[in-house]
Amino acid sequence: MSFASQLSTLVPQLGATTATVKSAAQAVKSAAASIEDTAKDAAKRAKIGETAKTFEASFLSVMMQQMFEGVKTSEPFGGGNGEEMFKSMLTDAMSKQVTKAGGIGLAPTIQREMLKMQGLKE
């Protein structure tokens with residue numbers, strides 16, 4: 001068999017192989033774009049969830065500060081300028097712990113609404 005005849009049989013096969021490689025490359029590129037979109041979506045959802053929890057903790061802190069506004073403690077174990085200065089830190093810490101333990105149900109509602117505003121499904 002001559003070189004020309006061998007070459008004439010290989011050329012169509014090379015064309016088919018090139019098309020297959022191009023098709024596979026396009027599929028890989030599409031899959032990579034899909035994975036990137038999924039990663040961005042997951043990061044956005046995580047950020048929204050964290051923001052909703054932070055909002056709930058802030059809400060609870062303000063609520064607890066108002067709740068403890070009229071509470072007086074006895075002098076030997078409380079009261080004075082020190083208590084007034086650190087009371088807001090105490091209410092912040094308590095509100096963060098309440099939110100961390102499940103909160104009052106405000107964060108999931110806020111998260112759901114924020115997802116809707118971003119055009120994302122739950």
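- A donor-acceptor pair under 3.5 Å is formed between the side chain of Ser58 and the backbone N or O of Thr54.
- Counting only heavy atoms from C-beta outward, the side chains of Phe59 and Ile104 approach each other to under 4.5 Å.
- For the atom pair Glu56 CD and Thr99 OG1, the distance stands at 4.5 Å (nearest 0.5 Å).
- In the hydrophobic clustering of this structure, Val62 does not group with Leu90; members are Ile, Leu, Val, Met, Phe, Trp, Tyr whose side-chain heavy atoms approach within less than 4.5 Å, directly or through other members.
- Ser34 places no side-chain N or O within donor-acceptor distance of the main-chain N or O of Ser30, the cut-off being under 3.5 Å.
- Salt-bridge formation is not detected for the pair Lys47/Glu50: no Lys NZ or Arg NE/NH1/NH2 atom is positioned less than 4.0 Å from an Asp or Glu carboxylate oxygen.
- Contact record, Ser88 with Gln65: CB-NE2, 3.6 Å, taken as the closest heavy-atom pair.
- Phe55 has its side chain out of reach of Met114: every pair of non-hydrogen atoms, C-beta onward, lies at least 4.5 Å apart.
- Few gaps surround NZ on Lys87; more than 12 heavy atoms of other groups in view lie less than 6.0 Å from it.
- If you take CZ on Arg112 and NZ on Lys116, they are separated by 7.0 Å, rounding to the nearest 0.5 Å.
- Criterion: ILVMFWY side-chain heavy atoms under 4.5 Å apart, direct or through other members. Under it, Met117 and Leu115 are not part of a common hydrophobic cluster.
- Residues forming a salt bridge (charged side-chain N to carboxylate O under 4.0 Å, His left out) with Arg45 (at least two apart in sequence, or on another chain): Asp41.
- Both Phe68 and Val98 are members of a single hydrophobic cluster when ILVMFWY side chains are connected at heavy-atom separations under 4.5 Å.
- Note on Ile110: it clusters hydrophobically with Leu120, by side-chain heavy-atom contacts below 4.5 Å among ILVMFWY residues.
- Gln111 contributes atom CD, which lies 9.5 Å from atom OG1 of Thr51 (distance to the nearest 0.5 angstrom).
- Residue Met63 holds its CE atom at 10.5 Å from CD of Gln66, rounded to the nearest 0.5 Å.
- In this structure, OG in Ser95 is found 13.0 Å from NZ in Lys100, a value given to the nearest 0.5 Å.
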